[in-house]
2 protein chains.
Amino acid sequence: MTLKKTYHMKLTPQRLAILEYLEGNKAHPSASDIYKAVSEKYPMMSFATVYNTLDTLRGKKHVRELSIDSQKKRFDPNLKPHHHLICLECRAITDVHRNFALDLTDSERFGYEITGNHVDFYGVCPKCKRGRRSKI
Amino acid sequence: MTLKKTYHMKLTPQRLAILEYLEGNKAHPSASDIYKAVSEKYPMMSFATVYNTLDTLRGKKHVRELSIDSQKKRFDPNLKPHHHLICLECRAITDVHRNFALDLTDSERFGYEITGNHVDFYGVCPKCKRGRRSKI
DNA sequence: TTATTATGTTATAATCATTCTAAATTAGAA
DNA sequence: TTCTAATTTAGAATGATTATAACATAATAA
């Protein structure tokens with residue numbers, strides 16, 4: 001009952017498997033990452049179900065869709081406002097939990113009504129740094 | 001000669017047309033925006049040429065590829081470091097020329113070597129604000 | 001329960017952005 | 001002017017995502 005109250009949607013086995021995979025997942029997975037993982041348990045699972053479920057989860061604000069990767073959408077079950085630290089070599093994404101109060105001047109605002117901001121930090125992750133060194 | 005020295009690549013009519021379209025373009029166009037605009041002048045122009053040209057321009061650091069839009073890549077000929085103000089309703093993108101010196105603490109850095117940052121401001125542009133009002 | 005209805009799942013086809021391929025063309029160097 | 005590597009082209013291929021329609025299942029009411 002408690003899950004049902006949390007999610008306000010029918011909790012089918014497929015959806016539960018997807019939710020379980022997403023729960024606490026910090027990897028910012030793509031639809032195909034999710035499909036691959038979940039279809040090991042549920043081989044009959046369809047790709048369409050992954051997309052449908054992500055769509056309703058997004059509609060109910062249980063996941064956020066990221067456009068960090070220009071190849072594919074990635075999804076984030078972490079709804080707390082946060083920012084990202086992105087490895088330019090392997091595209092790994094790490095969360096940064098901090099609030100940046102960034103203000104724009106009137107002339108920078110161009111008449112927009114501003115509702116939020118998101119910061120991407122770019123760099124090289126420790127793994128890729130090690131990889132580089134070993135190539136020298 | 002001067003263009004050739006600037007771009008360090010063969011300057012075909014197709015490439016010149018694409019460069020002319022991009023010059024000073026602040027709309028952050030997608031490949032198909034570019035194709036549509038340029039193929040009016042050069043009807044024989046191929047989509048592949050647009051992608052090829054964007055690819056070599058990116059390689060030579062004459063345009064930057066943006067992953068702001070999860071539907072398609074968008075391209076920015078403005079190479080000065082800058083940030084974006086994005087309309088959540090019509091996806092218009094406006095440049096913000098300011099430097100934000102954002103520092104992460106060691107514990108926030110997770111061992112990454114940080115090379116830069118980019119801020120997206122989200123909101124509603126003046127046009128869409130007007131559109132809303134007229135619907136009431 | 002059982003019947004009814006609404007919603008979810010599935011396989012498959014369709015779409016759209018992007019990349020690849022191989023043949024024909026051309027810019028720029030010699 | 002000639003030559004060659006780089007570029008362009010149409011079209012096929014790929015990969016992510018969305019749409020469709022038949023089928024299955026969960027929620028609801030009798």
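Here is how names work: the chains are called A, B, and so on, in the same order as the sequence lines, proteins then strands, and each is numbered from 1.
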S.K.: Please state how far atom CE in A/Met44 lies from atom P in C/dT9, giving the value in whole angstrom units.
M.R.: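 For the pair A/Met44 CE and C/dT9 P, the rounded distance is 12 Å.
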S.K.: Here's a test of your reading of the structure: between B/Phe47 and B/Pro13, which maps to the more 5' nucleotide of DNA chain C?
M.R.: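 Of the two residues, B/Phe47 wins.
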S.K.: Just N and O in the side chain of B/Lys73: are any of them under 4.0 Å from OP1 or OP2 of C/dC16?
M.R.: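 No.
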S.K.: Take the angle between the ring planes of A/His84 and A/His82 and call it parallel below 30°, perpendicular above 60°, tilted in between.
M.R.: perpendicular
S.K.: Just how far, in rounded Å, is P of C/dT18 from CD1 of B/Ile34?
M.R.: 10 Å
S.K.: We want to know whether A/Ser30 and A/Asp33 form a side-chain donor-acceptor pair, criterion being a heavy-atom distance below 3.5 angstrom.
M.R.: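 Their side chains do contain a donor-acceptor pair, which is all the 3.5 Å distance test asks for.
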S.K.: For A/Leu66 and D/dT17, give me the distance from atom CG to atom P, rounded to whole Å.
M.R.: 12 Å
S.K.: Rounding to an integer number of Å, can you tell me how far A/Asn52 CG sits from C/dT12 C1'?
M.R.: 14 Å
S.K.: Output yes when A/Asp76 and A/Arg64 qualify as a salt bridge under the 4.0 Å nitrogen-oxygen rule, no when they do not.
M.R.: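 No, no charged N to carboxylate O under 4.0 Å.
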S.K.: Counting only side-chain N and O atoms of A/Tyr51, is one of them less than 4.0 Å from OP1 or OP2 of D/dT18?
M.R.: no
S.K.: Answer whether the closest heavy-atom distance between the side chains of A/Arg15 and A/Leu57 falls below 4.5 Å.
M.R.: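 Of all side-chain heavy-atom pairs linking A/Leu57 with A/Arg15, none is under 4.5 Å.
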S.K.: Which sits closer to the 5' end of DNA chain D, A/Ser30 or A/Lys10, going by the nucleotide each is nearest to?
M.R.: A/Ser30
S.K.: On DNA chain C, compare the nucleotides closest to B/Lys72 and B/Thr12; which residue's is nearer the 5' end?
M.R.: B/Lys72
S.K.: Using the ring of each side chain (for Trp, its six-membered ring), is B/His118 parallel, tilted or perpendicular to B/His83, with breaks at 30° and 60°?
M.R.: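 B/His118 and B/His83: tilted rings.
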S.K.: Among C/dT10, D/dA10, C/dG28, which nucleotide has an atom closest to any side-chain atom of B/Ala48?
M.R.: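 Closest nucleotide to the B/Ala48 side chain: D/dA10.
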S.K.: Roughly how many Å is it from CG in A/Asp55 to C1' in D/dA16, rounded to a whole number?
M.R.: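 Rounded to whole Å, this separation is 14 Å.
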S.K.: Distance check needed: D/dA6 P versus B/Gln14 CD, whole Å only.
M.R.: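 Spelled out: CD on B/Gln14 to P on D/dA6 is 17 Å.
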S.K.: Expressed in angstrom and rounded to an integer, what is the separation of B/His8 atom NE2 from D/dA5 atom P?
M.R.: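 Whole-Å distance recorded here is 22 Å.
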S.K.: Grab the CD1-P distance between A/Ile18 and C/dG8 for me, whole Å please.
M.R.: 12 Å
S.K.: Are any of A/Gln71's side-chain N or O atoms less than 4.0 Å away from OP1 or OP2 of C/dT19?
M.R.: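 So the side-chain polar atoms of A/Gln71 never come under 4.0 Å of the phosphate oxygens OP1 or OP2 of C/dT19.
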S.K.: Has B/Ser46 got a side-chain N or O lying under 4.0 Å from the OP1 or OP2 atom of D/dT8?
M.R.: no
S.K.: Looking at B/Arg15, I'd like to know whether one of its side-chain N or O atoms comes within less than 4.0 Å of OP1 or OP2 on C/dA27.
M.R.: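 No.
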